[in-house]
Amino acid sequence: MRLVYEGKTKRVYELEDGRYLLYFKDDVTGEDGRIDPGSNFVLGTLKGKGQASLKLSRHFFDLLKKEGIPSHYIEADIEKNTMAVRKAKTFGRGLEVICRFKAYGSFIKRYGDYVEEFQPLDGLIEITLKDDKRGDPLINDEALVKLGLLTDDELVQVKELTRKVAAVVKDDLASRGLELVDIKFEFGKIGDEIAVIDDISGDNMRVFKNGHQISARDLADMIV
């Protein structure tokens, strides 16, 4: 297999049969000594975090399958920290689609004079370019279309899928007494179909219980 990409929390390999393999690392993101899945900086490593993220991804991708929501997921090997996926074409060099149920993190930094922390946002959707060097800049709907990253129809589909997937995750967490504050997804095209790609884990969501944020590793222990 051939290494094609290494990100903050995963390595991506291309297999000889055309599938891709995601390896989940134990790296955690954060700033100022505090773990935060919304950060673009690797803070260090936490033993077992990669496996925890993989377990959560398998759990949520299985839920999406039951709901008939398309994804690139094929299967997971928990012992090897790997997930086999179908090859998908990203939009541009990758877009990150964020669904915010409450104001937190970068949203507060951006709009601090106009918003209070944990203010309800009712599933507000933001889209950013996947570009760590530029801090994953926000991009508006018109720019997405003008730059050829999404067509008008694809933009509508991506937003609809985001709301559907976020609702599945939010409801599942709520059934366990957990609150989803925000969550980030990536999408790609498999043939003509738009599908959820990357992972769905504590690495890309903020979850709270009784006012305290739950770490990615602890979240897995609570769910799977």
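Throughout, residue positions are numbered sequentially from 1 according to the sequence presented. Reckoned from all heavy atoms, side chains included, excluding hydrogens, waters and symmetry mates.
The hydrophobic cluster containing L22 also contains V224, counting ILVMFWY residues as joined when their side-chain heavy atoms lie under 4.5 angstrom apart, directly or transitively. Hydrophobic clustering of Ile, Leu, Val, Met, Phe, Trp and Tyr side chains at less than 4.5 Å, counting indirect connections, keeps Y13 apart from L54. Criterion: ILVMFWY side-chain heavy atoms under 4.5 Å apart, direct or through other members. Under it, V115 and L138 are part of a common hydrophobic cluster. Put simply, L95 and I190 are part of two different groups of oily side chains (I, L, V, M, F, W, Y) that touch within less than 4.5 Å, one to the next. Under the 4.5 Å side-chain contact rule for hydrophobic residues, V181 and I108 do not share a cluster.
Interatomic distance, Q213 CD to D218 CG, rounded to the nearest 0.5 Å: 11.0 Å. Remark: E126 CD to N140 CG distance equals 11.5 Å, nearest 0.5 Å. N210 CG to L178 CG: the interatomic distance, rounded to the nearest 0.5 Å, is 9.0 Å. With rounding to the nearest 0.5 Å, the separation of CG in D136 from CD1 in I98 is 7.5 Å.
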Do any side-chain atoms of residues 78-91 form donor-acceptor pairs under 3.5 angstrom with protein atoms, and if so which ones, sequence neighbours left out?
{"residue": "N81", "atom": "ND2", "partner": "F24", "partner atom": "O", "Å": "3.2"}
{"residue": "R86", "atom": "NH2", "partner": "S71", "partner atom": "O", "Å": "2.7"}
{"residue": "T90", "atom": "OG1", "partner": "G92", "partner atom": "O", "Å": "2.9"}

Please list every donor-acceptor pair under 3.5 Å in which a side-chain atom of residues 143-150 meets a protein atom from a residue at least two apart or in another chain.
none

Item to complete: Assess whether side-chain contact (heavy atoms from CB on, under 4.5 Å) is satisfied between I139 and T128, documenting all intermediate values.
Response: CA-CA 5 Å; I139 183 167; T128 72; 5.8 Å; no

Discussion item. Between F185 and I183, is the side-chain contact (heavy atoms from CB on, under 4.5 Å) condition met? List the steps.
Written reply: CA-CA 7 Å; F185 301 109; I183 186 166; 3.5 Å; yes

Item to complete: Show your reasoning for whether side-chain contact (heavy atoms from CB on, under 4.5 Å) applies to K102 and L121.
Response: CA-CA 5 Å; K102 289 192 174 180; L121 297 176; 5.6 Å; no

Practice prompt. Test side-chain contact (heavy atoms from CB on, under 4.5 Å) on I214 and M222 and set out the steps.
Written response: CA-CA 10 Å; I214 307 300; M222 294 177 177; 3.8 Å; yes

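Annotation for F187 and V158: closest pair CD1-CG1, 3.9 Å, computed over non-hydrogen atoms. Residues L161 and P70 come closest through the heavy atom pair CD2-CD, 4.4 Å. The heavy-atom pair separating K47 from D26 by the smallest distance is CA-OD2, 3.7 Å. The shortest non-hydrogen separation linking F107 to A103 is CD2-CB, 3.8 Å. Between I200 and V196, the closest heavy-atom pair is CD1-CG1, 4.1 Å. Heavy atoms only, all atoms of each residue included: A166 and C99 are closest at CB-SG, 3.8 Å.
Every ring-ring contact (aromatic ring centres under 6.0 Å, His included) that F61 has, sequence neighbours left out, goes to H72, Y73.
For the residue pair T9 and D27, no side-chain donor N or O sits within less than 3.5 Å of a side-chain acceptor on the partner. A side-chain N or O of R100 and one of S106 form a donor-acceptor pair less than 3.5 Å apart.
Using a 4.5 Å heavy-atom cutoff, the side chains of R93 and L129 are not in contact. At a threshold of 4.5 Å between non-hydrogen side-chain atoms, the residues L124 and F101 do not count as touching. For the pair L173 and V169, the minimum side-chain heavy-atom distance is below 4.5 Å. In this structure, Y23 and M1 have side chains that are not in contact, with every pair of non-hydrogen atoms separated by 4.5 Å or more. The shortest distance between side-chain heavy atoms of M205 and D182 does not fall below 4.5 Å.
Between K184 and D203 there is no salt bridge, since no side-chain N of the basic residue sits under 4.0 Å from a carboxylate O of the acidic one. Between E179 and R206, none of the side-chain N atoms (NZ, or NE/NH1/NH2) sits under 4.0 Å from a carboxylate O, so this pair counts as no salt bridge. Ion pairing between E6 and K25 holds under the 4.0 Å rule for side-chain N and carboxylate O.
Applying the side-chain hydrogen bond (donor to acceptor under 3.5 Å, both in side chains) test to residues at least two apart or on different chains, the pairs with a partner in residues 186-202 are K10-D198, K10-D199, K130-E186, E154-K189, D199-S201, D199-N204. The side-chain hydrogen bond (donor to acceptor under 3.5 Å, both in side chains) contacts involving residues 156-172 comprise H59-D172, D141-K159, D153-Q157, D172-R176, where partners must be two or more places apart or lie in separate chains.
Looking at Q119, its side chain does come within 3.5 Å of a backbone N or O of E116 through a donor-acceptor pair.
With a 4.5 Å cut-off between side-chain heavy atoms of Ile, Leu, Val, Met, Phe, Trp and Tyr, the cluster of I197 takes in none.
The aromatic ring centroids of Y104 and F208 lie less than 6.0 Å from each other.
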